[in-house]
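Here is the structure we will look at.
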Amino acid sequence: MSNSTVSGNTTSHYLAATINVQSEIAKKVISENIPNKEIIYICGVDVAYRNNIAYCSAVLMNKNSMEVKESVNITLSVKHPYVPSFFMLRESEAIINILKPLKNRFDLLLIDGHGVLHPRRCGLASYIGVIIDSPTIGVAKSILCGSVNADHFIDVDGVISGFKMIKEKKKPIYISVGHKINLVNAIRIVKQLVKPEERIPEPLRLADIYSKALANSVP
DNA sequence: GCGACAG
DNA sequence: ATCTTGTCGC
């Protein structure tokens, strides 16, 4: 099997092919608010892992009332290992599939991972956004690449690609455009979804709790 | 070449 | 992410 080097990792050739896929998806990412209407229903998705099984939860909330409108779970087998900058291979299938059982529509999808704040501007959130043609925001708990400016914006290859959101006494979260939204709006929306004493925007925080509970409910 | 590296 | 004990701080 032929190999190549990707960011220091020796990879199988399909990962090298994935670089091309990511580059093509990146060209399709739109960093503008589309559609230009009020975003009310927001869906957050997270995945927990246990014994090579992925336990996925989606939580759909009303941004204004902060009430949960709907919540669904699915379980599926994991097909790819985790490789930095190729997280989409591991987690995208679960996310694509958990949107199917949702009965209610959403205006925006919140993803646990980066959007364009990625070496090839195609993190999980951007990949999902382009694939399902829906607005998405990437929210990650640690940074993958880029340099943080004095104003907390993050530069990747000379382009402002993300924002380091800091709440006193808490670890930061990193926000970036997934698809069909601009960075300033993404920051505003995420801020609005983080409860006073919390760190993670509510739809993602709940999805994290629910997916872990689902994973632990299986003997 | 070395180190860093979403979940 | 997950595994996993005690320990430090408020």
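No hydrogens, no waters, no symmetry mates; every other heavy atom, side chains included, goes into these values. Quick note on labels: first sequence line is chain A, next is B, and so on, each numbered from 1.
- The side-chain ring of A:Y82 is stacked on the base of B:dG7, judged by centre separation under 5.5 angstrom and plane angle under 30 degrees.
- Each of A:S161, A:S23, A:S126 was scored for a side chain to side chain donor-acceptor pair (under 3.5 Å) with A:R121, with one residue passing: A:S161.
- Looking at A:I42 and A:D107, their side chains never come closer than 4.5 Å, going by heavy atoms from C-beta outward.
- Side chains of A:Y127 and A:H118 form no contact here, defined as non-hydrogen atoms less than 4.5 Å apart.
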Secondary-structure notation, DNA chain C, from Watson-Crick and G-U pairs under 3.5 angstrom (| other strand)
..........
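- Distance alone, capped at 3.5 Å, is enough to place a donor-acceptor pair between the A:E70 side chain and the A:K103 backbone.
- For DNA chain B, if you chain together Watson-Crick or G-U pairs that step i with j, i+1 with j-1 and so on, you find no run of at least three with distances under 3.5 Å.
- For the pair A:L144 CG and B:dA6 C1', the interatomic distance rounds to 5 Å; values are reported in whole Å.
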Under 3.5 Å, N/O pairs linking protein and nucleotides 1-3 of chain C:
from	atom 1	to	atom 2	distance (Å)
C:dT2	OP1	A:Y49	N	3.3

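- The side chain of A:S142 places an N or O atom within less than 4.0 Å of a non-bridging phosphate oxygen (OP1 or OP2) of B:dG7.
- Counting heavy atoms from C-beta outward, A:I131 and A:I25 have side chains that approach closer than 4.5 Å.
- Classification of the A:F87-A:Y82 ring pair by plane angle, with boundaries at 30° and 60°, yields perpendicular.
- If you take CD1 of A:I143 and C1' of B:dG7, they are 16 Å apart, rounded to a whole angstrom.
- A straight line from OH of A:Y174 to P of B:dA4 spans 16 Å, rounded to a whole angstrom.
- Taking 4.0 Å as the cut-off between side-chain N and carboxylate O, A:K79 and A:E93 count as a salt-bridged pair.
- Remark: A:R188 fails to qualify as a cation-pi partner of A:F163 under the 6.0 Å distance and 45° angle criteria applied to the six-membered ring.
- When rounded to the nearest whole Å, the span between CZ of A:F86 and C1' of B:dC5 equals 12 Å.
- Atom CD1 of A:I200 and atom C1' of B:dA6 are 12 Å apart (whole Å).
- Distance, A:I173 CD1 to B:dA6 P: 16 Å, rounded to whole Å.
- Atoms CG and CD1, on A:N182 and A:I34 in that order, are 10.5 Å from each other to the nearest 0.5 Å.
- Among the atoms of the strands shown, none is found under 4.0 Å from any heavy atom of A:L117.
- In this structure, A:H114 places its NE2 atom 10 Å from C1' of B:dG7, rounding to the nearest Å.
- Atom CG of A:L89 sits about 6.0 Å away from atom CG of A:L15, to the nearest 0.5 Å.
- The separation between A:N52 atom CG and B:dG7 atom C1' is 14 Å, rounded to whole Å.
- Environment of NZ in A:K167: crowded, with over 12 heavy atoms of neighbouring residues, nucleotides or ligands closer than 6.0 Å.
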